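Because the structure is predicted, anything quoted here is derived from the model rather than measured. Just so we're on the same page: letters track the sequence lines, and every chain starts at 1.
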Amino acid sequence: KAGVTQTPRYLIKTRGQQVTLSCSPISGHRSVSWYQQTPGQGLQFLFEYFSETQRNKGNFPGRFSGRQFSNSRSEMNVSTLELGDSALYLCASSLAPTDTQYFGPGTRLTVL
Amino acid sequence: GENVEQHPSTLSVQEGDSAVIKCTYSDSASNYFPWYKQELGKRPQLIIDIRSNVGEKKDQRIAVTLNKTAKHFSLHITETQPEDSAVYFCAAWDYGQNFVFGPGTRLSVLP
């Protein structure tokens with residue numbers, strides 16, 4: 001099976017802009033979680049979707065949002081970008097919320 | 001909510017020696033504990049996991065032990081090799097919540 005894929009792999013934006021990141025899970029996986037990874041903060045949970053419903057949300061401002069489509073693909077959106085949003089954004093998929101998560105390669109976002 | 005601590009933050013060992021990384025968690029309801037290895041510039045990869053009904057699990061040179069009473073679990077790597085050099089993350093999960101990751105341990109295996 002193909003692994004988790006994320007697009008784009010790299011993004012450069014300026015402050016105030018918005019960005020949309022995409023994640024395609026492993027075929028058959030219905031759960032997608034998003035994480036922000038920075039050198040100082042490690043892996044921080046953003047949100048989790050299962051069957052198009054948001055199950056959990058981490059402690060991030062409302063500028064961070066996401067959704068999941070009927071084919072389990074997921075997108076996350078960050079509006080009004082700030083310098084501190086520069087990070088590697090990882091998504092992970094699993095068959096269901098209780099199962100092992102498999103990570104995508106990440107999207108590296110740089111905000112100038 | 002769950003809180004996961006991980007120690008040490010950095011670890012250097014000589015090739016062939018053993019390495020041990022320990023994580024503690026706060027939520028006694030957590031029942032699934034995976035370990036991920038992340039090499040520089042790559043995605044985290046699952047290397048081993050354990051569920052709360054098991055005390056120990058081994059896979060070749062890697063083992064994980066779980067002490068539910070003390071709420072800690074550890075990763076053991078024996079006969080370390082240079083390719084074991086990476087950042088290792090532990091995580092804890094309980095039903096109805098999300099995965100919570102430890103801050104990571106940077107392991108360096110010196111030749």
- Are there more than 12 heavy atoms of other residues, nucleotides or ligands under 6.0 Å from atom CZ of A:R9? yes
- Side chain from CB out, backbone as N, CA, C, O: work out which of these in B:P44 comes under 4.5 Å of a heavy atom of chain A, or both, or neither. both
- Message: Under 4.5 Å from any heavy atom of chain A, what part of B:Q38 do you find: side chain, backbone, both or neither?
- Response: side chain
- When the 4.5 angstrom heavy-atom criterion is applied to A:T100 and chain B, the contacting part is both
- Message: Is it the case that the ring center of B:F99 lies less than 6.0 angstrom away from the ring center of A:Y35?
- Response: no
- Item | Within 6.0 Å of CD in B:Q60, more than 12 heavy atoms from elsewhere | no
- More than 12 heavy atoms of other groups within 6.0 Å of B:E79 CD: no
- Item | Hphob cluster co-occupancy, B:V20 + B:I77, side-chain heavy atoms under 4.5 angstrom | no
- Message: Membership question, hydrophobic clusters at under 4.5 Å side-chain separation (ILVMFWY): are B:V64 and B:Y88 in the same one?
- Response: yes
- Give a yes or no on whether A:R108 atom CZ has more than 12 heavy-atom contacts from other residues, nucleotides or ligands under 6.0 Å away. no
- Message: Using side chain to side chain contact (heavy atoms under 4.5 Å, CB included), reason through B:F89 and A:Q37 one step at a time and then give a plain yes or no.
- Response: CA-CA 12 Å; B:F89 294 96; A:Q37 186 174 33; 3.4 Å; yes
- Query: Can you hop from A:Y89 to A:F60 via hydrophobic side chains spaced under 4.5 Å?
  - Reply: yes
- Step-by-step side chain to side chain contact (heavy atoms under 4.5 Å, CB included) determination, B:Y32 to A:D99: CA-CA 9 Å; B:Y32 176 58; A:D99 294 314; over 6 Å; no
- Applying a strict 4.5 Å limit to non-hydrogen atoms, the region of A:L90 in contact with chain B is side chain
- At their closest point, which heavy atom of A:G104 faces which heavy atom of B:R43, and how far apart are they? O-CB, 3.1 Å
- Where does B:R51 contact chain A at under 4.5 Å (heavy atoms): side chain, backbone, both or neither? side chain
- Answer key: most heavy-atom pairs under 4.5 Å with chain B among A:Y102, A:F103, A:F45, A:F47 is A:F103
- Message: Using 0.5 Å steps for rounding, measure from the CD atom of A:Q101 to the CG atom of B:D49.
- Response: 11.5 Å
- In terms of hydrophobic clustering (I, L, V, M, F, W, Y; side-chain heavy atoms under 4.5 Å; direct or indirect links), are B:V100 and B:I48 co-clustered? yes
